[in-house]
Amino acid sequence: MGNLLLLLFALPVATIIIASILETLLNSPLKVTALAFAIYLIVAFAAFDASFLIYVIGYTILALISAVITRVIINFINDDDDDEGCGCGCGCNMSNNDIIVQNTNPTNNCGCGCQNRYYGRYYR
């Protein structure tokens, strides 16, 4: 019963927490997933038997899902901060429509020396 509690409760919760923390540090869901897979693969052969490999695959998928959800939440939080001007915090008071209409230079600047707010929006 002790191993079952460890396999079905403790390790999944630890996987979610650690994957979320690593996602904020590494900023890459694939790196977090690969790291979780490598760690669980080592644990599978060091502490458990070959039947633990099924759990390794499940925990790896769980790490990927939690890393992607964490990335989406972080992007949502960062997008709320970019609602003012062009999103660089340099005092640019242009609205979104002004950026689209007046931004005709090829460097995607909004007029205050920073990048356009839509450049690199999803992966910072």
**Q.** With sequence neighbours excluded, residues passing side-chain hydrogen bond (donor to acceptor under 3.5 Å, both in side chains) with Tyr40
**A.**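 Checked Tyr40 against side-chain hydrogen bond (donor to acceptor under 3.5 Å, both in side chains); matches are Thr15.
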Measure the [atom1]-[atom2] distance between [X] and [Y] for me, rounded to the nearest 0.5 Å.
| X | Y | atom1 | atom2 | value |
| --- | --- | --- | --- | --- |
| Leu22 | Thr24 | CG | OG1 | 7.5 Å |
| Glu23 | Ile18 | CD | CD1 | 14.5 Å |
| Asp79 | Ile74 | CG | CD1 | 12.0 Å |
| Ile16 | Ile69 | CD1 | CD1 | 8.5 Å |

State plainly whether one hydrophobic cluster holds both [X] and [Y], where clusters connect Ile, Leu, Val, Met, Phe, Trp and Tyr through side-chain heavy atoms under 4.5 angstrom apart.
| X | Y | answer |
| --- | --- | --- |
| Leu4 | Val43 | yes |
| Ile54 | Leu7 | no |
| Ile73 | Ile21 | no |
| Tyr59 | Leu8 | yes |
| Leu5 | Val13 | yes |

Q.
Quick check: closest heavy atoms across Pro29 and Val68, and the distance to 0.1 Å?
A.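 For Pro29 and Val68, the tightest heavy-atom pair comes out as CB-CG2, 4.0 Å.
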Q: Of all the heavy-atom pairs spanning Ala63 and Ala36, show the shortest one and how long it is.
A: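 The answer is CB-CB, 3.7 Å.
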Q. Is the number of heavy atoms from other residues, nucleotides or ligands within 6.0 Å of CG (Leu53) greater than 12?
A.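 More than 12 heavy atoms, drawn from other residues, nucleotides or ligands, come within 6.0 Å of this atom.
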Q. Out of Ile39, Thr33, Leu41, which one pairs with Phe37 under the side-chain contact (heavy atoms from CB on, under 4.5 Å) rule?
A.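 Exactly one candidate clears the test, Leu41.
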(Q) Between Leu11 and Tyr55, is the side chain to side chain contact (heavy atoms under 4.5 Å, CB included) condition met? List the steps. (A) CA-CA 10 Å; Leu11 288 178; Tyr55 290 104; over 6 Å; no
Q. Who pairs with Phe48 by ring pair (Phe, Tyr, Trp, His ring centres under 6.0 Å), at least two apart in sequence or on another chain?
A.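 Phe48 satisfies ring pair (Phe, Tyr, Trp, His ring centres under 6.0 Å) with Phe52 only.
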Q: Can you tell me which residue pairs pass the salt bridge (charged side-chain N to carboxylate O under 4.0 Å, His left out) test with a partner in residues 34-43, sequence neighbours excluded?
A: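 Residue pairs with at least one partner in residues 34-43: there are none.
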